[in-house]
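Written out below as C-alpha cells is the structure these notes cover.
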There are 2 protein chains.
Amino acid sequence: LPDNSDPASMKMIIIGELINSTRKAIKKAIDEQDVAYIQDLALKQEEAGADYIDVNAGAYVHDEAKHLVWLVEKVQEVVSKPLALDSPDPKALEAALKVHKGIPMINSISAEKERYKQLVPLVRESGAQVVALCMSDEGMPETADDRLEVAKRLLSDLDADGINLTNVFLDPLIKPVSVNGEYGPQALDAIDRIAALGSGAHITSGLSNISFGLPHRALLNQAFIVLAMGRGMDSAIVDPLDKKKMSLVKAAEVILNLDSYAMNYLKASRAGKLI
Amino acid sequence: LPDNSDPASMKMIIIGELINSTRKAIKKAIDEQDVAYIQDLALKQEEAGADYIDVNAGAYVHDEAKHLVWLVEKVQEVVSKPLALDSPDPKALEAALKVHKGIPMINSISAEKERYKQLVPLVRESGAQVVALCMSDEGMPETADDRLEVAKRLLSDLDADGINLTNVFLDPLIKPVSVNGEYGPQALDAIDRIAALGSGAHITSGLSNISFGLPHRALLNQAFIVLAMGRGMDSAIVDPLDKKKMSLVKAAEVILNLDSYAMNYLKASRAGKLI
C-alpha cells in the first residue's frame, strides 16, 4: 500500500505536477503508451521528494477516464507515494478511484455548485485528500477578500458534508504578477488569512502561474514558494525536479522551525540533495 | 559626490559586507596596504548591486581610526555609492566621517547607554543613516518581545534626540537556528512587528548568523532573506556577490510589488544578472 505522508509532520507536502497530458511530451507518451517514460518521470519525482504524484489525462476530452486509469495503474507499479487524481470530471475520477491502491488525493473540487455537488460524494466515500479551489460560479477571485470568502464557504460546506477538514487542501488560486503587481501581495495576504482561520485544512497551490509572462520563471517560482511558506502555505503543486526550489523549501522549513533539529535538512545535505 | 540610494524607492537596500578586517584576506590586504585588492572588492560589490559598501577596521584595536580612514579614502576613489562606517568607536567614526564624501551610514548605534550617548551626536551632526541594534545593557535579545521593546525605546530616544527616523535602520539581531529552532520564527515575528510600528525607520540585519553551525549556509541565508522581506525587512547587510541571493531578492521584490512593472527585474534579466 502507498505510504501516505505522516499527518503529524509539519513539512511541506509536495505534489509533483509533471505527469500532465496538457504538456506535449506527456501527451505523446500517453498516445504511444510509453510506459517507461511515464514511470521514469514518476520515479524521479518521488526520488526528488514528491509526497503525491499528480496524474492528468485532461487532454483526452472523449476518453479521459480510460487514460487516467492507465496512468494510475502504470505509475503505481513503480512508486509508493499516493497519486493526485487531477480531473474535474466525476466519471474519470470514479474510474481512477476504483483502481488506485491506498488513499489518493482528488485534484480538484471547487465552490462552483455543479462541480461541488458532483464531486463531494466521491471525496466522502473514498476518504481521499482533496484540493479545493477558491473559485465559485462568480468566477476567478481577484482580491484576498474574494479568496477568503470562498475559502470560508468551502470549509463550511465540506464540513457539513462530512469531509474531515484535515483532508482538505485549499488552493487560493495564484494569478500572474505580470498582469497586476498587486496579485502577489493579494495571494500572500489570502494565504495568511486562510491560515489564520485555524480550520485544520492545508493550503496548497500551483505556483507557477505567479511568473507567467516574465523571464526567469523558475527564479520567481522559487522566491514565491518561500514567501508563501512564510505566510502559512504548507503544500505546493510544483515541479519537484527543480533542485534549487526543493533545496529552498528545505531551508525555509528549518528557518520556520518546521524541521525539528534540522533533521530533514541535514539528511538532505548528506544525500547531496541541497544546492 | 556619492549618489545615495533613492529615498522614494521601495527596493531592498543592500549593504555589502565584504570589506571587514575580521576576515583574514581583508586583514592581510590592509596590513599590506593592498589598494588594488580592496578597491576591486569595493567595485565588485557596487557592480553586484550594493547600495552601501561597509568598511570595518575593527581588527586594529590600537589604531582602528587610522585604518578606517584609509579604507574610506581608498574605497571612495573608485565607487560612487556611499559607505557604511562599521565601528562602535566614536573616535574611529569621527575620523572616518571627516574624510567621507557625501552622506554615509554609521554601523552602528545600540540602546546600550554608553554607546548610545557617545554616538548619537555624531549621527545627528553628520546627518548619516544609522544602523541601530536592538540590544541594550541587558544584553542580546531572546524573543520577539525583547526586540520590540528595545526597538521602541531606540525609536523614541532617537526621535527625541533629533534624528530623522527615516535615516534609522533597526537591526533586530539574528541568532542561529542551530542553537534554538525558535530563533527563526522569533526573528521573523520581530521584523513583522517592528514594521507594523509604521515609524518610517528601515529594518536591516546581518543575515548570515541565521545559518551558523549548519551546512549549506548560503542556501539558508537565501531562504531567510526572502522570508524576512516577506515580513517587512527592507535592507540587509550581506555578501552581494552571491548572485543567487541577489537574484532571489529581485524576484521577491517583484512578487511583493516593490518593483513597479518589474522594471528593475527586467533590467537585471537583460544585464544577465539573474540566475
Side-chain angles (χ1 to χ4, degrees), chain A residues 174 176-178 180-189 191-192 207 210-211 213-232 243-263 265-270 272-275, chain B residues 174 176-178 180-189 191-192 207 210-211 213-232 243-263 265-270 272-275:
Chain A
I174 307 303
V177 292
S178 59
N180 183 335
E182 268 306 301
Y183 283 167
Q186 291 289 343
L188 294 170
D189 191 30
I191 290 167
D192 209 47
L207 303 174
I210 196 83
S211 59
L214 286 170
H216 295 278
R217 290 189 65 179
L219 171 63
L220 286 160
N221 298 347
Q222 288 159 5
F224 185 65
I225 198 170
V226 174
L227 287 168
M229 287 174 71
R231 304 296 283 274
K243 199 170 170 181
K244 185 70 200 184
K245 180 166 56 203
M246 295 296 277
S247 297
L248 284 165
V249 166
K250 290 187 180 73
E253 285 169 347
V254 172
I255 291 164
L256 295 167
N257 204 16
L258 304 173
D259 178 11
S260 295
Y261 302 102
M263 277 172 64
Y265 180 85
L266 292 168
K267 191 175 144 197
S269 172
R270 283 191 297 270
K273 288 190 173 182
L274 300 183
I275 58 169
Chain B
I174 307 304
V177 292
S178 60
N180 183 334
E182 267 306 301
Y183 283 167
Q186 290 289 342
L188 294 170
D189 192 28
I191 290 167
D192 209 47
L207 303 173
I210 198 81
S211 59
L214 286 170
H216 295 277
R217 291 190 62 179
L219 170 64
L220 287 159
N221 297 346
Q222 288 158 6
F224 184 65
I225 198 169
V226 173
L227 287 168
M229 287 175 70
R231 304 295 283 274
K243 198 170 170 178
K244 184 70 198 184
K245 180 168 54 202
M246 294 296 278
S247 297
L248 285 165
V249 166
K250 290 188 180 71
E253 286 170 346
V254 171
I255 292 164
L256 295 168
N257 202 17
L258 303 175
D259 178 11
S260 294
Y261 302 101
M263 278 173 60
Y265 180 84
L266 292 168
K267 192 175 142 198
S269 172
R270 283 191 298 270
K273 287 189 174 181
L274 301 183
I275 56 170

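Proteins get letters first, then strands, A, B, ... in listed order; numbering begins at 1 in each.
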Counting only heavy atoms not in K243(A), do more than 12 fall under 6.0 Å of its NZ? yes
Measure the NZ-CG distance between K244(A) and L219(B) for me, rounded to the nearest 0.5 Å. 5.0 Å
Of all heavy-atom pairs between H216(A) and S269(B), which one has the smallest distance, and what is that distance? CD2-OG, 3.4 Å
Where on A252(A) is there a heavy atom nearer than 4.5 Å to chain B: the side chain, the backbone, both, or neither? both
Heavy-atom pairs under 4.5 Å with chain B, option from P215(A), A228(A), S260(A) with the top count: P215(A)
Closest heavy-atom pair, L214(B) versus A262(A), reported as atoms and distance to 0.1 Å, is CD2-CB, 4.1 Å
Given the options A218(A), P185(A), S211(A), G184(A), which has more heavy-atom pairs under 4.5 Å with chain B than any of the others? P185(A)
Interchain contact, L188(B) with chain A, by part (heavy-atom threshold 4.5 Å): side chain
Leading residue by heavy atom contact count with chain B [cutoff under 4.5 Å; candidates L256(A), V177(A), L266(A)]: L256(A)
Which residues share a salt bridge (Lys or Arg N to Asp or Glu O under 4.0 Å) with K273(A), sequence neighbours left out: E47(A)
Pick one of side chain, backbone, both or neither for I275(B), based on which atoms fall under 4.5 Å of a heavy atom in chain A. backbone
To the closest 0.5 Å, what do you measure between CG (N257(A)) and CG (N180(B))? 7.5 Å
Test item: L248(A) and L248(B) side chains (from C-beta on) under 4.5 Å apart, heavy atoms: yes
Under 4.5 Å from any heavy atom of chain A, what part of Y261(B) do you find: side chain, backbone, both or neither? neither
I need the residue from L220(B), V249(B), V226(B) with the largest number of non-hydrogen atom pairs under 4.5 Å to chain A. L220(B)
